[in-house]
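For reference, the structure discussed in these notes is given below.
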Protein chains: 2
Amino acid sequence: MKKIENREQLNNYLKEYQLESIFNKSLIEHLALYSFEQGEDICSQGDTSQYLYLLVKGKIKIFTSSSEGRKLILSFKTPLYLIGDIEYVQDIDIINTVEAVSPVIMIGIQYQWLKKFGSEYTPLLQFLLETVTRKFYIKSNFLSFNLLYPVEVRLASYLLSISFYDSDAHNDSGLSINRLRDVADLIGTSYRHLNRVIQQLCAEGLIERTKESIIVINRDALSTLANHNIYE
Amino acid sequence: MKKIENREQLNNYLKEYQLESIFNKSLIEHLALYSFEQGEDICSQGDTSQYLYLLVKGKIKIFTSSSEGRKLILSFKTPLYLIGDIEYVQDIDIINTVEAVSPVIMIGIQYQWLKKFGSEYTPLLQFLLETVTRKFYIKSNFLSFNLLYPVEVRLASYLLSISFYDSDAHNDSGLSINRLRDVADLIGTSYRHLNRVIQQLCAEGLIERTKESIIVINRDALSTLANHNIYE
DNA sequence: ATACAACAGGGACATATGTCCTTTCCGAAA
DNA sequence: TTTCGGAAAGGACATATGTCCCTGTTGTAT
(Lines give C-alpha, C1' and ligand atoms only; values in the text may rest on other atoms or scores of the structure.)
Protein backbone atom coordinates (compact mmCIF):
# COMPACT_ATOMS: atom_id res chain seq x y z
CA MET A 1 0.00 0.00 0.00
CA LYS A 2 1.16 3.46 -0.86
CA LYS A 3 -0.19 6.76 0.33
CA ILE A 4 -1.04 9.22 -2.44
CA GLU A 5 -0.15 12.79 -1.47
CA ASN A 6 -2.58 14.51 -3.78
CA ARG A 7 -5.27 16.50 -2.01
CA GLU A 8 -6.88 17.56 -5.27
CA GLN A 9 -7.32 13.99 -6.41
CA LEU A 10 -8.87 13.13 -3.06
CA ASN A 11 -11.27 16.06 -3.36
CA ASN A 12 -12.19 14.95 -6.87
CA TYR A 13 -13.21 11.51 -5.56
CA LEU A 14 -15.17 13.07 -2.71
CA LYS A 15 -17.03 15.14 -5.27
CA GLU A 16 -17.47 12.33 -7.76
CA TYR A 17 -19.11 10.07 -5.17
CA GLN A 18 -20.84 12.87 -3.28
CA LEU A 19 -19.06 12.06 -0.05
CA GLU A 20 -18.48 15.61 1.14
CA SER A 21 -21.67 15.67 3.16
CA ILE A 22 -20.94 12.35 4.88
CA PHE A 23 -17.76 13.52 6.52
CA ASN A 24 -17.48 16.69 8.55
CA LYS A 25 -14.51 19.04 8.26
CA SER A 26 -12.53 17.40 11.03
CA LEU A 27 -12.94 14.02 9.41
CA ILE A 28 -12.10 15.23 5.91
CA GLU A 29 -8.80 16.53 7.22
CA HIS A 30 -7.84 12.98 8.19
CA LEU A 31 -8.95 11.30 4.98
CA ALA A 32 -6.16 10.10 2.73
CA LEU A 33 -5.81 8.30 -0.60
CA TYR A 34 -4.06 4.96 -0.80
CA SER A 35 -3.13 2.86 -3.80
CA PHE A 36 -2.70 -0.91 -3.97
CA GLU A 37 -1.10 -3.00 -6.69
CA GLN A 38 -2.89 -5.84 -8.43
CA GLY A 39 -2.64 -8.94 -6.24
CA GLU A 40 -1.87 -6.98 -3.10
CA ASP A 41 -3.83 -7.66 0.08
CA ILE A 42 -5.69 -4.65 1.43
CA CYS A 43 -6.73 -6.48 4.57
CA SER A 44 -5.91 -9.98 5.79
CA GLN A 45 -8.31 -12.13 7.73
CA GLY A 46 -7.36 -12.22 11.41
CA ASP A 47 -5.17 -9.12 11.39
CA THR A 48 -5.85 -6.11 13.56
CA SER A 49 -8.10 -3.62 11.81
CA GLN A 50 -7.26 0.09 11.88
CA TYR A 51 -8.75 1.71 8.77
CA LEU A 52 -12.12 2.32 7.32
CA TYR A 53 -11.68 2.19 3.54
CA LEU A 54 -13.79 3.36 0.63
CA LEU A 55 -13.03 1.80 -2.73
CA VAL A 56 -13.06 4.58 -5.32
CA LYS A 57 -11.16 2.96 -8.20
CA GLY A 58 -10.44 -0.58 -9.39
CA LYS A 59 -11.79 -3.97 -8.38
CA ILE A 60 -11.39 -6.10 -5.27
CA LYS A 61 -12.05 -9.68 -4.26
CA ILE A 62 -13.33 -10.54 -0.79
CA PHE A 63 -12.86 -14.03 0.52
CA THR A 64 -12.60 -16.15 3.61
CA SER A 65 -10.52 -19.25 4.21
CA SER A 66 -11.10 -22.18 6.49
CA SER A 67 -8.40 -23.71 8.65
CA GLU A 68 -8.14 -26.53 6.08
CA GLY A 69 -7.30 -24.07 3.35
CA ARG A 70 -10.73 -24.21 1.81
CA LYS A 71 -11.39 -20.86 0.18
CA LEU A 72 -14.75 -19.18 -0.22
CA ILE A 73 -14.98 -16.09 -2.37
CA LEU A 74 -17.74 -13.88 -1.02
CA SER A 75 -17.80 -11.29 -3.75
CA PHE A 76 -16.03 -9.11 -6.22
CA LYS A 77 -16.62 -5.39 -5.79
CA THR A 78 -16.14 -2.19 -7.72
CA PRO A 79 -16.62 1.41 -6.53
CA LEU A 80 -18.21 2.64 -4.37
CA TYR A 81 -17.63 0.05 -1.61
CA LEU A 82 -16.98 0.30 2.12
CA ILE A 83 -14.47 -1.90 3.95
CA GLY A 84 -13.83 -2.20 7.67
CA ASP A 85 -17.21 -0.94 8.87
CA ILE A 86 -18.13 -4.05 10.86
CA GLU A 87 -14.65 -4.21 12.35
CA TYR A 88 -14.80 -0.54 13.29
CA VAL A 89 -18.14 -0.67 15.08
CA GLN A 90 -17.56 -4.05 16.73
CA ASP A 91 -13.89 -3.41 17.49
CA ILE A 92 -12.81 -6.80 16.18
CA ASP A 93 -10.10 -8.20 13.93
CA ILE A 94 -10.49 -8.32 10.17
CA ILE A 95 -13.17 -10.83 9.17
CA ASN A 96 -12.34 -11.46 5.51
CA THR A 97 -9.34 -11.02 3.28
CA VAL A 98 -9.63 -8.25 0.71
CA GLU A 99 -7.36 -8.47 -2.31
CA ALA A 100 -6.89 -6.08 -5.22
CA VAL A 101 -7.91 -7.74 -8.48
CA SER A 102 -6.72 -4.73 -10.45
CA PRO A 103 -4.76 -1.65 -9.39
CA VAL A 104 -6.94 -0.07 -6.74
CA ILE A 105 -7.40 3.32 -5.05
CA MET A 106 -9.03 3.72 -1.68
CA ILE A 107 -9.96 6.60 0.54
CA GLY A 108 -8.90 5.60 4.03
CA ILE A 109 -9.27 6.98 7.51
CA GLN A 110 -8.01 5.57 10.77
CA TYR A 111 -10.55 4.45 13.33
CA GLN A 112 -9.24 6.83 15.97
CA TRP A 113 -10.39 9.83 13.93
CA LEU A 114 -13.77 8.26 13.30
CA LYS A 115 -14.19 7.68 17.01
CA LYS A 116 -13.13 11.18 17.85
CA PHE A 117 -15.03 13.16 15.24
CA GLY A 118 -17.55 10.80 13.71
CA SER A 119 -19.31 8.74 16.35
CA GLU A 120 -21.99 11.35 16.87
CA TYR A 121 -22.07 12.82 13.37
CA THR A 122 -25.52 12.01 12.01
CA PRO A 123 -24.75 11.94 8.25
CA LEU A 124 -21.90 9.47 8.83
CA LEU A 125 -24.01 7.29 11.12
CA GLN A 126 -26.81 7.24 8.55
CA PHE A 127 -24.39 6.42 5.75
CA LEU A 128 -22.82 3.59 7.76
CA LEU A 129 -26.22 2.22 8.76
CA GLU A 130 -27.51 2.31 5.18
CA THR A 131 -24.36 0.65 3.86
CA VAL A 132 -24.10 -2.04 6.50
CA THR A 133 -27.75 -3.06 6.22
CA ARG A 134 -27.45 -3.34 2.44
CA LYS A 135 -24.29 -5.46 2.73
CA PHE A 136 -26.00 -7.61 5.36
CA TYR A 137 -28.95 -8.25 3.06
CA ILE A 138 -26.85 -9.07 0.01
CA LYS A 139 -24.34 -11.25 1.82
CA SER A 140 -26.89 -13.25 3.77
CA ASN A 141 -28.86 -13.88 0.60
CA PHE A 142 -25.69 -14.97 -1.16
CA LEU A 143 -24.62 -17.37 1.59
CA SER A 144 -28.13 -18.76 2.11
CA PHE A 145 -28.48 -19.29 -1.61
CA ASN A 146 -25.20 -21.21 -1.66
CA LEU A 147 -26.45 -23.39 1.21
CA LEU A 148 -29.91 -24.11 -0.11
CA TYR A 149 -29.23 -24.92 -3.74
CA PRO A 150 -27.08 -27.45 -5.59
CA VAL A 151 -24.14 -26.40 -7.71
CA GLU A 152 -26.13 -26.68 -10.93
CA VAL A 153 -28.59 -24.02 -9.78
CA ARG A 154 -25.84 -21.80 -8.43
CA LEU A 155 -23.85 -22.00 -11.63
CA ALA A 156 -26.92 -21.18 -13.69
CA SER A 157 -27.54 -18.17 -11.51
CA TYR A 158 -23.96 -17.06 -11.83
CA LEU A 159 -23.90 -17.40 -15.61
CA LEU A 160 -27.08 -15.37 -15.86
CA SER A 161 -25.59 -12.66 -13.71
CA ILE A 162 -22.46 -12.28 -15.78
CA SER A 163 -24.16 -12.49 -19.12
CA PHE A 164 -26.68 -9.92 -17.96
CA TYR A 165 -23.83 -7.56 -17.21
CA ASP A 166 -21.98 -8.38 -20.40
CA SER A 167 -24.82 -7.10 -22.49
CA ASP A 168 -24.10 -3.71 -20.96
CA ALA A 169 -20.43 -3.12 -20.39
CA HIS A 170 -18.26 -5.70 -22.09
CA ASN A 171 -16.19 -7.73 -19.67
CA ASP A 172 -16.38 -5.34 -16.76
CA SER A 173 -18.44 -7.92 -14.95
CA GLY A 174 -17.77 -9.58 -11.63
CA LEU A 175 -15.43 -12.14 -13.09
CA SER A 176 -13.84 -13.02 -16.36
CA ILE A 177 -15.16 -16.42 -17.34
CA ASN A 178 -11.87 -18.08 -18.03
CA ARG A 179 -10.82 -18.08 -14.42
CA LEU A 180 -12.99 -21.01 -13.55
CA ARG A 181 -11.11 -21.70 -10.35
CA ASP A 182 -12.42 -18.42 -9.01
CA VAL A 183 -15.94 -19.27 -10.09
CA ALA A 184 -15.65 -22.55 -8.20
CA ASP A 185 -14.55 -20.69 -5.08
CA LEU A 186 -17.35 -18.15 -5.51
CA ILE A 187 -20.16 -20.65 -5.74
CA GLY A 188 -18.58 -22.92 -3.15
CA THR A 189 -17.62 -26.09 -5.00
CA SER A 190 -14.53 -27.86 -6.31
CA TYR A 191 -12.99 -27.02 -9.67
CA ARG A 192 -13.61 -30.61 -10.77
CA HIS A 193 -17.26 -30.53 -9.98
CA LEU A 194 -17.76 -27.15 -11.63
CA ASN A 195 -16.40 -28.64 -14.85
CA ARG A 196 -18.80 -31.57 -14.55
CA VAL A 197 -21.74 -29.26 -14.27
CA ILE A 198 -20.56 -27.04 -17.11
CA GLN A 199 -20.21 -30.14 -19.26
CA GLN A 200 -23.70 -31.25 -18.33
CA LEU A 201 -25.25 -27.84 -19.11
CA CYS A 202 -23.46 -27.93 -22.49
CA ALA A 203 -24.86 -31.40 -23.15
CA GLU A 204 -28.34 -30.11 -22.32
CA GLY A 205 -27.93 -27.25 -24.78
CA LEU A 206 -28.25 -24.42 -22.28
CA ILE A 207 -24.73 -23.07 -22.78
CA GLU A 208 -21.82 -23.46 -25.15
CA ARG A 209 -18.19 -23.51 -24.32
CA THR A 210 -15.58 -21.80 -26.47
CA LYS A 211 -11.88 -21.42 -25.94
CA GLU A 212 -12.05 -18.45 -23.69
CA SER A 213 -15.66 -18.05 -22.70
CA ILE A 214 -19.02 -19.58 -22.03
CA ILE A 215 -21.97 -18.45 -24.12
CA VAL A 216 -25.52 -18.58 -22.86
CA ILE A 217 -27.68 -20.23 -25.53
CA ASN A 218 -30.95 -20.86 -23.76
CA ARG A 219 -31.42 -17.99 -21.38
CA ASP A 220 -34.99 -18.95 -20.45
CA ALA A 221 -34.07 -22.48 -19.48
CA LEU A 222 -31.12 -21.21 -17.48
CA SER A 223 -33.36 -18.76 -15.69
CA THR A 224 -35.80 -21.52 -14.85
CA LEU A 225 -32.98 -23.70 -13.55
CA ALA A 226 -31.69 -20.80 -11.45
CA ASN A 227 -35.12 -20.37 -9.84
CA HIS A 228 -35.05 -16.84 -11.17
CA ASN A 229 -32.33 -16.02 -8.70
CA ILE A 230 -29.38 -13.96 -9.76
CA TYR A 231 -26.10 -13.56 -7.95
CA GLU A 232 -25.52 -9.94 -7.12
CA MET B 1 -50.48 -10.95 17.97
CA LYS B 2 -52.10 -9.01 20.75
CA LYS B 3 -51.38 -5.51 21.94
CA ILE B 4 -50.76 -5.23 25.68
CA GLU B 5 -52.27 -2.03 27.09
CA ASN B 6 -50.01 -1.75 30.10
CA ARG B 7 -47.79 1.29 30.11
CA GLU B 8 -46.19 0.34 33.38
CA GLN B 9 -45.10 -3.05 32.08
CA LEU B 10 -43.62 -1.35 29.02
CA ASN B 11 -41.72 1.08 31.22
CA ASN B 12 -40.42 -1.81 33.30
CA TYR B 13 -38.95 -3.45 30.21
CA LEU B 14 -37.42 -0.18 29.05
CA LYS B 15 -35.77 0.10 32.44
CA GLU B 16 -34.75 -3.55 32.66
CA TYR B 17 -32.94 -3.40 29.33
CA GLN B 18 -31.77 0.19 29.68
CA LEU B 19 -33.60 1.32 26.57
CA GLU B 20 -34.79 4.68 27.81
CA SER B 21 -31.79 6.51 26.45
CA ILE B 22 -32.08 4.93 23.02
CA PHE B 23 -35.52 6.33 22.29
CA ASN B 24 -36.40 9.99 22.65
CA LYS B 25 -39.68 11.15 24.20
CA SER B 26 -41.53 11.30 20.89
CA LEU B 27 -40.49 7.76 20.08
CA ILE B 28 -41.31 6.37 23.50
CA GLU B 29 -44.86 7.64 23.12
CA HIS B 30 -45.28 5.37 20.10
CA LEU B 31 -43.72 2.27 21.61
CA ALA B 32 -46.13 -0.51 22.47
CA LEU B 33 -46.02 -4.00 23.92
CA TYR B 34 -47.20 -6.97 21.90
CA SER B 35 -47.59 -10.59 22.90
CA PHE B 36 -47.42 -13.65 20.64
CA GLU B 37 -48.50 -17.20 21.36
CA GLN B 38 -46.18 -20.16 21.04
CA GLY B 39 -46.09 -21.23 17.39
CA GLU B 40 -47.32 -17.88 16.12
CA ASP B 41 -45.46 -16.09 13.32
CA ILE B 42 -44.21 -12.67 14.26
CA CYS B 43 -43.07 -11.94 10.72
CA SER B 44 -43.40 -13.96 7.56
CA GLN B 45 -40.81 -14.02 4.82
CA GLY B 46 -41.94 -11.93 1.85
CA ASP B 47 -44.58 -9.93 3.68
CA THR B 48 -44.53 -6.17 3.92
CA SER B 49 -42.61 -5.02 6.96
CA GLN B 50 -44.01 -2.26 9.16
CA TYR B 51 -42.64 -2.74 12.68
CA LEU B 52 -39.32 -2.64 14.38
CA TYR B 53 -39.52 -5.16 17.22
CA LEU B 54 -37.44 -5.74 20.32
CA LEU B 55 -37.75 -9.16 21.93
CA VAL B 56 -38.01 -8.65 25.68
CA LYS B 57 -39.46 -11.99 26.80
CA GLY B 58 -39.52 -15.55 25.48
CA LYS B 59 -37.73 -17.29 22.65
CA ILE B 60 -37.96 -17.04 18.88
CA LYS B 61 -36.81 -19.02 15.89
CA ILE B 62 -35.62 -17.33 12.73
CA PHE B 63 -35.60 -19.25 9.49
CA THR B 64 -35.69 -18.96 5.75
CA SER B 65 -37.29 -21.27 3.22
CA SER B 66 -36.36 -21.99 -0.36
CA SER B 67 -38.88 -22.20 -3.13
CA GLU B 68 -38.57 -25.99 -2.95
CA GLY B 69 -39.63 -25.97 0.66
CA ARG B 70 -36.13 -26.51 1.98
CA LYS B 71 -35.93 -24.89 5.38
CA LEU B 72 -32.86 -23.34 6.94
CA ILE B 73 -33.00 -22.29 10.56
CA LEU B 74 -30.72 -19.30 11.05
CA SER B 75 -30.90 -19.02 14.79
CA PHE B 76 -32.86 -19.18 17.99
CA LYS B 77 -32.88 -15.98 20.01
CA THR B 78 -33.76 -14.83 23.48
CA PRO B 79 -33.94 -11.25 24.84
CA LEU B 80 -32.70 -8.71 24.01
CA TYR B 81 -33.02 -9.04 20.23
CA LEU B 82 -33.91 -6.65 17.43
CA ILE B 83 -36.13 -7.59 14.50
CA GLY B 84 -36.95 -5.59 11.40
CA ASP B 85 -33.87 -3.34 11.42
CA ILE B 86 -32.60 -4.34 7.96
CA GLU B 87 -36.08 -4.09 6.51
CA TYR B 88 -36.58 -0.66 8.07
CA VAL B 89 -33.36 0.90 6.78
CA GLN B 90 -33.47 -0.75 3.36
CA ASP B 91 -37.24 -0.36 2.95
CA ILE B 92 -37.71 -3.95 1.81
CA ASP B 93 -40.04 -6.85 2.52
CA ILE B 94 -39.40 -9.23 5.41
CA ILE B 95 -36.31 -11.34 4.75
CA ASN B 96 -36.81 -14.25 7.17
CA THR B 97 -39.71 -15.79 9.02
CA VAL B 98 -39.71 -15.23 12.78
CA GLU B 99 -41.73 -17.65 14.88
CA ALA B 100 -42.40 -17.72 18.62
CA VAL B 101 -40.95 -20.86 20.16
CA SER B 102 -42.47 -19.98 23.51
CA PRO B 103 -44.95 -17.29 24.51
CA VAL B 104 -43.22 -14.06 23.55
CA ILE B 105 -43.39 -10.37 24.39
CA MET B 106 -42.06 -7.67 22.09
CA ILE B 107 -41.72 -3.94 22.22
CA GLY B 108 -42.82 -2.69 18.80
CA ILE B 109 -42.88 0.58 16.97
CA GLN B 110 -44.10 1.36 13.49
CA TYR B 111 -41.56 2.49 10.94
CA GLN B 112 -43.39 5.75 10.28
CA TRP B 113 -42.61 6.95 13.81
CA LEU B 114 -39.00 5.90 13.50
CA LYS B 115 -38.72 7.86 10.28
CA LYS B 116 -40.37 10.88 11.75
CA PHE B 117 -38.65 11.07 15.13
CA GLY B 118 -35.70 8.71 14.97
CA SER B 119 -33.79 9.06 11.73
CA GLU B 120 -31.59 11.83 13.10
CA TYR B 121 -31.54 10.77 16.75
CA THR B 122 -27.93 9.85 17.49
CA PRO B 123 -28.47 7.34 20.32
CA LEU B 124 -30.91 5.35 18.20
CA LEU B 125 -28.62 5.44 15.16
CA GLN B 126 -25.70 4.24 17.27
CA PHE B 127 -27.79 1.49 18.82
CA LEU B 128 -29.01 0.31 15.41
CA LEU B 129 -25.50 0.44 13.96
CA GLU B 130 -24.04 -1.51 16.87
CA THR B 131 -26.80 -4.11 16.69
CA VAL B 132 -26.78 -4.56 12.94
CA THR B 133 -23.00 -4.94 12.74
CA ARG B 134 -23.05 -7.58 15.46
CA LYS B 135 -25.82 -9.50 13.74
CA PHE B 136 -23.94 -9.23 10.45
CA TYR B 137 -20.81 -10.68 11.99
CA ILE B 138 -22.57 -13.55 13.75
CA LYS B 139 -24.79 -14.48 10.83
CA SER B 140 -22.08 -14.39 8.21
CA ASN B 141 -19.85 -16.54 10.39
CA PHE B 142 -22.70 -18.98 10.90
CA LEU B 143 -23.53 -19.27 7.21
CA SER B 144 -19.88 -19.43 6.12
CA PHE B 145 -19.24 -22.13 8.69
CA ASN B 146 -22.15 -24.14 7.33
CA LEU B 147 -20.74 -23.79 3.83
CA LEU B 148 -17.14 -24.62 4.58
CA TYR B 149 -17.48 -27.65 6.84
CA PRO B 150 -19.09 -31.07 6.55
CA VAL B 151 -22.04 -32.07 8.70
CA GLU B 152 -19.85 -33.99 11.13
CA VAL B 153 -17.89 -30.87 12.05
CA ARG B 154 -21.02 -28.76 12.26
CA LEU B 155 -22.78 -31.23 14.51
CA ALA B 156 -19.76 -31.45 16.78
CA SER B 157 -19.74 -27.68 17.03
CA TYR B 158 -23.44 -27.59 17.77
CA LEU B 159 -23.22 -30.23 20.48
CA LEU B 160 -20.37 -28.34 22.13
CA SER B 161 -22.38 -25.15 22.10
CA ILE B 162 -25.44 -26.65 23.77
CA SER B 163 -23.52 -28.66 26.30
CA PHE B 164 -21.51 -25.56 27.12
CA TYR B 165 -24.73 -23.73 27.88
CA ASP B 166 -26.25 -26.63 29.76
CA SER B 167 -23.52 -26.55 32.32
CA ASP B 168 -24.80 -23.09 33.21
CA ALA B 169 -28.55 -22.79 32.90
CA HIS B 170 -30.23 -26.15 32.48
CA ASN B 171 -32.11 -26.45 29.24
CA ASP B 172 -32.32 -22.76 28.50
CA SER B 173 -30.04 -23.35 25.56
CA GLY B 174 -30.66 -22.66 21.90
CA LEU B 175 -32.52 -25.90 21.37
CA SER B 176 -33.76 -28.85 23.28
CA ILE B 177 -31.91 -31.86 21.99
CA ASN B 178 -34.83 -34.08 21.27
CA ARG B 179 -36.11 -32.01 18.42
CA LEU B 180 -33.53 -33.34 16.02
CA ARG B 181 -35.48 -32.15 13.01
CA ASP B 182 -34.77 -28.62 14.09
CA VAL B 183 -31.09 -29.41 14.59
CA ALA B 184 -31.00 -30.75 11.05
CA ASP B 185 -32.55 -27.54 9.74
CA LEU B 186 -30.14 -25.44 11.80
CA ILE B 187 -26.98 -27.05 10.56
CA GLY B 188 -28.33 -27.39 7.05
CA THR B 189 -28.70 -31.11 6.44
CA SER B 190 -31.40 -33.77 6.20
CA TYR B 191 -32.86 -35.47 9.23
CA ARG B 192 -31.61 -38.80 7.88
CA HIS B 193 -28.08 -37.69 7.51
CA LEU B 194 -28.01 -36.09 10.93
CA ASN B 195 -28.94 -39.47 12.41
CA ARG B 196 -26.13 -41.13 10.47
CA VAL B 197 -23.60 -38.73 11.85
CA ILE B 198 -24.95 -39.04 15.39
CA GLN B 199 -24.68 -42.81 15.09
CA GLN B 200 -21.13 -42.52 13.85
CA LEU B 201 -20.08 -40.19 16.68
CA CYS B 202 -21.63 -42.65 19.15
CA ALA B 203 -19.68 -45.50 17.55
CA GLU B 204 -16.50 -43.46 17.90
CA GLY B 205 -17.19 -42.90 21.60
CA LEU B 206 -17.45 -39.10 21.43
CA ILE B 207 -21.09 -38.93 22.50
CA GLU B 208 -23.76 -41.18 23.93
CA ARG B 209 -27.39 -41.26 23.08
CA THR B 210 -30.07 -41.73 25.70
CA LYS B 211 -33.82 -41.68 25.39
CA GLU B 212 -34.24 -37.96 25.52
CA SER B 213 -30.82 -36.48 25.16
CA ILE B 214 -27.32 -36.70 23.84
CA ILE B 215 -24.46 -36.71 26.31
CA VAL B 216 -21.01 -35.46 25.45
CA ILE B 217 -18.48 -38.07 26.57
CA ASN B 218 -15.26 -36.92 24.98
CA ARG B 219 -15.36 -33.15 24.97
CA ASP B 220 -11.75 -32.73 23.83
CA ALA B 221 -12.17 -34.97 20.80
CA LEU B 222 -15.39 -33.19 19.90
CA SER B 223 -13.65 -29.85 20.18
CA THR B 224 -10.87 -31.05 17.92
CA LEU B 225 -13.39 -32.32 15.39
CA ALA B 226 -15.23 -28.99 15.55
CA ASN B 227 -12.02 -27.11 14.77
CA HIS B 228 -12.57 -25.27 18.03
CA ASN B 229 -15.53 -23.50 16.47
CA ILE B 230 -18.71 -23.09 18.44
CA TYR B 231 -22.10 -22.13 17.09
CA GLU B 232 -23.26 -18.95 18.71
C1' DA C 1 12.69 -27.43 -33.54
C1' DT C 2 12.69 -29.22 -29.03
C1' DA C 3 12.07 -29.45 -24.22
C1' DC C 4 9.89 -28.27 -20.15
C1' DA C 5 6.68 -26.29 -17.05
C1' DA C 6 2.25 -24.76 -16.10
C1' DC C 7 -2.47 -24.96 -16.80
C1' DA C 8 -6.88 -27.00 -18.04
C1' DG C 9 -9.90 -30.78 -18.23
C1' DG C 10 -11.41 -35.31 -17.20
C1' DG C 11 -11.15 -40.48 -15.37
C1' DA C 12 -11.58 -43.27 -11.45
C1' DC C 13 -12.76 -43.93 -7.01
C1' DA C 14 -14.55 -42.68 -2.61
C1' DT C 15 -17.35 -40.14 0.53
C1' DA C 16 -21.11 -37.15 1.77
C1' DT C 17 -25.62 -36.47 1.43
C1' DG C 18 -30.59 -36.68 -0.14
C1' DT C 19 -34.86 -39.20 -1.03
C1' DC C 20 -38.15 -42.56 -0.24
C1' DC C 21 -40.10 -45.92 2.34
C1' DT C 22 -40.39 -49.39 6.06
C1' DT C 23 -40.24 -50.77 10.79
C1' DT C 24 -40.59 -49.98 15.58
C1' DC C 25 -41.98 -47.58 19.49
C1' DC C 26 -44.76 -44.65 22.19
C1' DG C 27 -48.66 -42.17 23.66
C1' DA C 28 -53.45 -41.34 23.60
C1' DA C 29 -58.09 -42.71 23.11
C1' DA C 30 -61.66 -46.01 23.23
C1' DT D 1 -56.18 -54.01 27.21
C1' DT D 2 -56.32 -52.94 22.51
C1' DT D 3 -56.06 -50.08 18.60
C1' DC D 4 -54.46 -46.41 15.95
C1' DG D 5 -51.83 -42.56 14.63
C1' DG D 6 -47.72 -40.02 14.92
C1' DA D 7 -42.93 -39.73 15.63
C1' DA D 8 -38.30 -41.50 15.45
C1' DA D 9 -34.79 -44.22 13.40
C1' DG D 10 -32.71 -46.77 9.84
C1' DG D 11 -32.38 -49.60 5.17
C1' DA D 12 -31.82 -49.21 0.39
C1' DC D 13 -30.78 -46.76 -3.41
C1' DA D 14 -29.44 -42.75 -5.97
C1' DT D 15 -27.21 -38.42 -6.67
C1' DA D 16 -23.98 -34.78 -5.59
C1' DT D 17 -19.60 -33.79 -4.64
C1' DG D 18 -14.59 -34.19 -3.26
C1' DT D 19 -9.98 -36.06 -3.90
C1' DC D 20 -6.24 -37.69 -6.41
C1' DC D 21 -3.92 -38.27 -10.37
C1' DC D 22 -3.28 -38.63 -15.32
C1' DT D 23 -3.37 -36.75 -20.03
C1' DG D 24 -3.24 -33.20 -23.34
C1' DT D 25 -2.40 -28.52 -24.69
C1' DT D 26 -0.17 -24.27 -24.68
C1' DG D 27 3.32 -21.02 -24.00
C1' DT D 28 7.98 -19.91 -23.13
C1' DA D 29 12.80 -20.57 -23.26
C1' DT D 30 16.78 -22.50 -25.33
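Quick note on labels: first sequence line is chain A, next is B, and so on, each numbered from 1. Every heavy atom of this structure was used, including side-chain atoms; hydrogens, water molecules and symmetry mates were not.
Aromatic ring orientation, B/Tyr88 versus B/Tyr111: tilted (interplanar angle from 30° to 60°). B/Tyr13 and B/Tyr17 have parallel rings, their planes meeting at less than 30° on a 0 to 90° scale where 60° marks the start of perpendicular.
Look at NE2 on B/His193: it is 19 Å from P on D/dA14, rounded to the nearest Å. Following rounding to the nearest Å, B/Ile187 (CD1) and C/dG18 (P) show an atom-to-atom distance of 10 Å. Between B/Lys71 atom NZ and C/dT19 atom P there is a gap of 15 Å when expressed in whole angstrom units. Between the P atom of D/dT17 and the OH atom of A/Tyr149 lies a distance of 14 Å, rounded to the nearest Å. Rounded to a whole Å, the CZ atom of B/Arg181 is 14 Å from the C1' atom of C/dG18. Rounded to whole angstrom, the span from the CZ atom of A/Arg154 across to the P atom of D/dA16 amounts to 13 Å. Nucleotide C/dA16 holds its P atom 17 Å from the CG atom of B/Leu148, rounded to whole Å. Between the CG atom of B/Leu155 and the C1' atom of C/dT17 there is a distance of 14 Å, rounded to whole Å.
Counting non-hydrogen atoms of other residues, nucleotides and ligands closer than 6.0 Å to NZ of A/Lys71 gives a total above 12.
Residues B/Gln90 and A/Phe136 fail the side-chain proximity criterion, which asks for heavy atoms closer than 4.5 Å. Inter-residue side-chain proximity for B/Leu180 and B/Ile198 is flagged as met; some heavy-atom pair is nearer than 4.5 Å.
The side chain of A/Leu180 approaches C/dG9 more closely than any other nucleotide in the set C/dG18, C/dG9, D/dT17.
A/Lys77 places no side-chain N or O within 3.5 Å of a backbone atom of A/Leu55 that could act as its donor or acceptor partner.
Cation-pi geometry between A/Arg154 and A/Tyr149 is not satisfied (NZ or CZ under 6.0 Å from the ring centre, within 45° of the ring normal).
The phosphate of C/dG18 (OP1 or OP2) has a side-chain N or O of B/Thr189 nearer than 4.0 angstrom.
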Check nucleotides 10-13 of chain D against the protein and report each pair of N or O atoms closer than 3.5 Å, with its distance, or say if there are none.
from   : atom 1 : to       : atom 2 : distance (Å)
D/dG10 : OP1    : B/Gln199 : NE2    : 2.8
D/dG11 : N7     : B/Arg192 : NE     : 3.3
D/dG11 : N7     : B/Arg192 : NH2    : 3.0
D/dG11 : O6     : B/Arg192 : NE     : 2.9
D/dA12 : N6     : B/Arg196 : NH2    : 3.4

Listing time: all N or O pairs from protein to nucleotides 23-25 of chain C that are below 3.5 Å?
none

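To the nearest 0.5 Å, the span separating CG on A/Leu206 from OG1 on A/Thr224 amounts to 9.0 Å.
For the ring pair (Phe, Tyr, Trp, His ring centres under 6.0 Å) test, residues two or more places apart in sequence or in another chain that qualify with A/Tyr34 are A/Tyr51.
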